[in-house]
Participant: 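Please read through the structure below; I'll follow up with questions.
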Amino acid sequence: MMKGLTKENFIIKQRHTTAKIVAYILAIFASLWLLIFILSGSKSAQPSFMVTVIGIWFLFLVFCSYKIYRARQYRSVFRKGTLSVGELDDMDGIDFEELACEILVANGFELAENTPATGDFGVDILAIKDGMTYAIQCKRYHEPIGIEAVQQVFAGRAYYECHVAVVLGNQPFTQPAQKLADKLGVVLWDRETLRELL
């Protein structure tokens with residue numbers, strides 16, 4: 001088994017996400033109760049005080065709602081046929097990496113997990129399919145993908161002790177990147193491959 005990726009860790013992560021959602025929902029209800037308590041106990045308070053309290057509560061509500069939305073988005077299950085490649089072009093890199101995990105699982109991978117955002121050794125996703133382990137570098141670019149991605153994932157594959165190194169990108173690869181990938185045995189999944197996975 002490659003470093004850091006086990007089904008137990010994946011299940012723990014999913015449970016942690018569910019616990020975060022529940023905690024934010026409870027925080028919203030607790031803050032609403034506190035707001036009602038403060039407003040009912042301060043009948044003679046200045047209107048500006050009441051507006052300030054309501055404003056603070058509203059900001060807290062927006063913050064919690066955003067956190068719940070992000071947690072649910074992370075936990076959501078991708079369904080084939082629901083996205084186009086063009087929609088991925090507008091995502092930020094982190095969202096693209098998280099969605100790529102779900103795309104892989106929807107396409108037969110038993111497990112796919114993001115590596116830490118920093119110190120990932122050139123690998124964004126660790127995945128397993130048919131007993132083979134994959135080190136995957138995700139690139140969401142607006143221009144063709146160069147050799148740096150190939151070099152990074154090749155080094156990261158060795159660090160994570162995976163069988164296969166892959167660069168998954170939303171654009172085509174440059175000729176030098178294709179030549180280097182052929183030489184090193186790195187698999188390139190470009191825009192057309194991504195379209196098939198969607």
Participant: Consider only side-chain heavy atoms of I, L, V, M, F, W and Y, link residues closer than 4.5 Å, and tell whether Ile38 and Leu32 are in one cluster.
Facilitator: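 Yes; Leu32 is reachable from Ile38 via cluster members.
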Participant: Given side-chain contact (heavy atoms from CB on, under 4.5 Å), test Glu98 with Asn114 step by step and report yes or no.
Facilitator: CA-CA 7 Å; Glu98 290 177 359; Asn114 294 107; 3.7 Å; yes
Participant: To the nearest 0.5 Å, what is the distance between CG (Leu59) and OG (Ser31)?
Facilitator: 11.5 Å
Participant: Might you point out which heavy atoms bring Val123 and Gln137 nearest each other, and give the distance in Å?
Facilitator: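 Scanning both residues, the minimum pair turns out to be N-NE2, 4.4 Å.
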Participant: Determine the minimum heavy-atom distance between Ser84 and Leu198, stating which atoms define it.
Facilitator: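 Closest pair (atom of Ser84, atom of Leu198, distance): C-CD1, 3.6 Å.
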Participant: Can you measure from CG (Leu35) to CE (Met50) and round to the nearest 0.5 angstrom?
Facilitator: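 It is 9.5 Å, given to the nearest 0.5 Å.
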Participant: Counting N and O atoms only, with roles assigned by atom type, does the side chain of Glu110 sit under 3.5 Å from a partner on the main chain of Asp130, one being a donor and the other an acceptor?
Facilitator: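 Yes.
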Participant: Return the minimal non-hydrogen interatomic distance between Leu194 and Gly169, and the atom names on each side.
Facilitator: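 Looks like CD2-O, 4.0 Å.
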Participant: Kindly say whether Gly185 contributes a backbone atom to a donor-acceptor pair with the side chain of Asp182 at under 3.5 angstrom?
Facilitator: no
Participant: Please tell me whether Tyr66 and Ile56 are part of a single hydrophobic cluster in this structure, the criterion being side-chain heavy atoms less than 4.5 Å apart.
Facilitator: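 No, it is not one cluster - the side chains of Tyr66 and Ile56 are not joined through contacts under 4.5 Å.
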Participant: Starting from Phe60, walk the hydrophobic network (Ile, Leu, Val, Met, Phe, Trp, Tyr; side-chain heavy atoms closer than 4.5 Å) and list everyone else you reach, by chain and number.
Facilitator: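 Members besides Phe60: none; it forms no cluster.
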Participant: Less than 4.5 Å apart, any side-chain heavy atom of Ile54 and any of Leu39?
Facilitator: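 SC-SC contact between Ile54 and Leu39 confirmed.
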Participant: Distance check, rounded to the nearest 0.5 Å: Leu180 atom CG versus Gln175 atom CD?
Facilitator: 12.5 Å
Participant: Quick one: are Cys162 and Arg157 in side-chain contact, heavy atoms under 4.5 Å?
Facilitator: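 When only atoms from C-beta onward are counted, Arg157 and Cys162 do touch, with a gap below 4.5 Å.
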Participant: To check you understand the geometry: which heavy-atom pair defines the closest contact between Cys138 and Ile125, and what is its length?
Facilitator: SG-CD1, 3.5 Å
Participant: Would you name the heavy atoms of Leu197 and Ile103 that are closest together and state the gap between them?
Facilitator: CB-CG2, 3.7 Å
Participant: Heavy atoms, side chains only, cut-off 4.5 Å: are Leu61 and Ile28 in contact?
Facilitator: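 Yes, their side chains come closer than 4.5 Å.
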Participant: So Phe58 and Val53, side-chain contact (heavy atoms from CB on, under 4.5 Å) or not? Walk me through it.
Facilitator: CA-CA 9 Å; Phe58 181 74; Val53 170; over 6 Å; no
Participant: Do Asp95 and Asp92 have side-chain heavy atoms sitting under 4.5 Å apart?
Facilitator: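 Counting from C-beta outward, Asp95 and Asp92 do come under 4.5 Å.
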Participant: Do Phe96 and Leu88 touch side chain to side chain, with heavy atoms closer than 4.5 Å?
Facilitator: yes
Participant: Would a hydrophobic clustering, with Ile, Leu, Val, Met, Phe, Trp and Tyr connected at side-chain separations under 4.5 Å, put Leu26 with Phe63?
Facilitator: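 Per the 4.5 Å side-chain linkage, Leu26 and Phe63 are not co-clustered.
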Participant: Can you confirm whether Tyr134 sits close enough to Ile128 that some side-chain heavy atom of one is under 4.5 Å from a side-chain heavy atom of the other?
Facilitator: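 A side-chain contact is absent here, since even the closest heavy-atom pair is not under 4.5 Å.
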Participant: For the residue pair Phe29 and Trp33, is the inter-centroid distance of their aromatic rings smaller than 6.0 Å?
Facilitator: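 No - the distance between ring centres of Phe29 and Trp33 does not fall below the 6.0 Å cut-off.
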Participant: With a 4.5 Å cut-off on side-chain heavy atoms, are Lys20 and Lys67 touching?
Facilitator: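 Sidechains of Lys20 and Lys67: no contact.
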Participant: How long is the span from the CD1 atom in Ile68 to the OH atom in Tyr24, to the nearest 0.5 Å?
Facilitator: 8.5 Å
Participant: Using the side-chain contact (heavy atoms from CB on, under 4.5 Å) rule, take Asn170 and Lys139 through it: C-alpha gap first, then chi angles, then the decisive distance, then the call.
Facilitator: CA-CA 7 Å; Asn170 68 323; Lys139 292 296 182 189; 5.7 Å; no
Participant: How about Ile94: does its CD1 atom have over 12 heavy atoms from other parts shown lying under 6.0 Å from it?
Facilitator: no
Participant: From the options Asp124, Leu168, Thr115, select the one residue that forms a side-chain contact (heavy atoms from CB on, under 4.5 Å) with Glu97.
Facilitator: Asp124
Participant: If you measure from CG on Leu126 to CD on Glu161, what distance do you get to the nearest 0.5 Å?
Facilitator: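 Reported to 0.5 Å precision, the distance equals 11.0 Å.
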Participant: Measure the OG1-CG distance between Thr133 and Leu111 for me, rounded to the nearest 0.5 Å.
Facilitator: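 Separation between the atoms: 11.5 Å.
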Participant: Quick test of your reading of the model: are Arg191 and Asp89 salt-bridged, counting only N-O distances below 4.0 Å?
Facilitator: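 The answer is yes: the pair qualifies as a salt bridge.
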Participant: Do Val186 and Val153 make a side-chain contact, defined as non-hydrogen atoms from C-beta onward lying under 4.5 Å apart?
Facilitator: yes
Participant: Cation-pi check for Phe109 against Lys129: NZ or CZ below 6.0 Å from the six-membered ring centre and within 45 degrees of the axis, yes or no?
Facilitator: yes
Participant: Which heavy-atom pair separates Ile136 from Ala127 by the least distance, and what is that distance?
Facilitator: CD1-CB, 4.2 Å
